[in-house]
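Within every chain, numbering begins at 1; the chains are lettered A, B, ... in the order of the sequence lines, protein sequences first and strands thereafter. Keep in mind the model is a prediction, meaning the values are calculated, not measured.
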Protein chains: 2
Amino acid sequence: MGKLSELKQVKKCSGAYVLAVNDTINVINGKWKLPIIGALLFGKKRFKQLEREIPNITPRMLSKELRDLEANGIVSRTVYDTVPVAVEYCLTPSGESFSRVLDVMLEWGLEHRKNTIGQNAEEVQ
Amino acid sequence: MGKLSELKQVKKCSGAYVLAVNDTINVINGKWKLPIIGALLFGKKRFKQLEREIPNITPRMLSKELRDLEANGIVSRTVYDTVPVAVEYCLTPSGESFSRVLDVMLEWGLEHRKNTIGQNAEEVQ
DNA sequence: GTAACCACTATACTTTTGTATATCGGTATC
DNA sequence: GATACCGATATACAAAAGTATAGTGGTTAC
């Protein structure tokens, strides 16, 4: 069974479709997961590096969200046995492939903004 | 300037990229927007119809989320001047085109699940 | 020996999000 | 004239998510 027919099978039932898409949404839910993934798309980073690059994130949230992302197989955590220990975070292959989803979101968002500008007439420039 | 180069321009800066993608995420944030969009992908529906089709949603949340989706240009609300008044909700063209994003999410979600099964070994079947 | 960096964790609190339950004004059915 | 359907809104409450602030245990630099 090909990928396409599998897709159609899932779409048959609205409930299953919503559930499956929801799995993906949960990967990036919350305020901080996307900024973290965004930072890691440019390469591996250490904890403090992420803390500095992501404006206003607290270490508590960074720690929690990194643990979530690791549990979901999006981010991998590597501890280097140096003194003092260095910890590096990077995207897993699955996490990297998520950029495909983000690109489609970006593209749709830009289009949608173009379509709705003029109707709302808040700012045109 | 073509769509591709525009895309690259936005991606240049991680901050702008994250902001633009976030716009799209906000369209479906919360517990109920995806189920509502999912139901409307199969055609226009009335308030009570949606309430029946979406398990456990309260009229308060349905009302609120429909207003949000309307404000964001995803859903359009039509009042028919019948007695008693009938109100119909349907996706805007932009809302319909959002299924493109959902499809990519679905596809990635299925792939990701395949990739991470075995590592987690919670269930294989 | 004190000051600063790293990688976090702990506790308390506020804000946001969602739920439960009741109600409203209208119509139509029996 | 009681009951039920439609399209909601109001109020009060509970749960989840996020913030503020401080502290831990180790290391290196001066």
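Phosphate proximity of D:dG7 to B:Tyr80: absent, as no side-chain N or O sits under 4.0 Å from OP1 or OP2. For B:Ser63, no side-chain nitrogen or oxygen approaches OP1 or OP2 of D:dA8 to under 4.0 Å.
Put simply, CD1 on B:Ile54 is 12 Å from P on C:dT19, counting in whole angstrom units. The NZ atom of A:Lys64 sits 11 Å away from the P atom of D:dT19 (whole-angstrom rounding). Between A:Gln49 atom CD and C:dC6 atom C1' there is a gap of 12 Å when expressed in whole angstrom units. When the C1' atom of D:dG7 is taken as reference, atom CD of B:Glu88 falls 13 Å away, rounded to whole Å. Atom CG in B:Asp68 sits roughly 14 Å away from atom P in D:dA8 (whole-Å rounding). At whole-Å resolution of the value, CE in B:Met61 and P in D:dA15 are 16 Å apart. Distance CG (A:Leu62) to P (C:dC6): 13 Å, rounded to an integer number of Å. Residue B:Lys48 contributes atom NZ, which lies 13 Å from atom P of D:dT9 at whole-angstrom precision.
The residues A:Arg46 and A:Glu53 are annotated as not salt-bridged, no charged nitrogen and carboxylate oxygen being separated by less than 4.0 angstrom. The pair B:Lys45-B:Glu88 does not count as a salt bridge, with every side-chain nitrogen at least 4.0 angstrom from each carboxylate oxygen. Between A:Glu51 and A:Lys48, at least one side-chain nitrogen of the basic residue sits less than 4.0 Å from a carboxylate oxygen of the acidic one, meeting the salt-bridge criterion. One finds a salt bridge joining A:Lys33 and A:Glu65 here, because a Lys/Arg side-chain nitrogen approaches an Asp/Glu carboxylate oxygen to under 4.0 Å.
For the segment residues 21-34 of chain A, residues with any heavy atom less than 4.0 angstrom from an atom of DNA chain D are, sorted by number, A:Gly30, A:Lys31, A:Trp32.
The side chain of A:Arg52 has C:dC6 as its nearest neighbour among D:dG7, D:dG18, C:dC6. The nucleotide whose nearest atom lies closest to any side-chain atom of B:Arg77 is, among D:dA8, C:dA7, C:dT9, D:dA8. Between D:dA8, C:dA7, D:dC6, one nucleotide has an atom nearer to the side chain of B:Arg46 than all others, and that is D:dC6. Among the nucleotides C:dA7, D:dG7, D:dG18, the one closest to any side-chain atom of A:Ala86 is C:dA7.
Closest non-hydrogen pair, A:Val18 versus B:Leu34, comes out as O-CD2, 3.7 Å.
B:Asn22 and B:Tyr17 are not linked by any side-chain donor-acceptor pair at a separation below 3.5 angstrom, with hydrogens and angles left out of the test.
Put simply, the side chain of A:Ser76 does not reach to within 4.5 Å of the side chain of A:Tyr89, judged on heavy atoms. Under the 4.5 Å side-chain criterion, counting only non-hydrogen atoms from C-beta, B:Leu106 is not in contact with A:Thr24.
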- Task: Sugar-phosphate means primed atoms, P, OP1 and OP2; the rest is base. With that split, encode nucleotides 20-30 of chain C 5' to 3' as B, S or - using protein heavy atoms under 4.0 Å.
- Result: B------SS--

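Under a hydrophobic clustering in which Ile, Leu, Val, Met, Phe, Trp and Tyr are joined whenever their side-chain heavy atoms come within less than 4.5 Å, directly or via other members, B:Ile74 and B:Phe42 fall into the same cluster.
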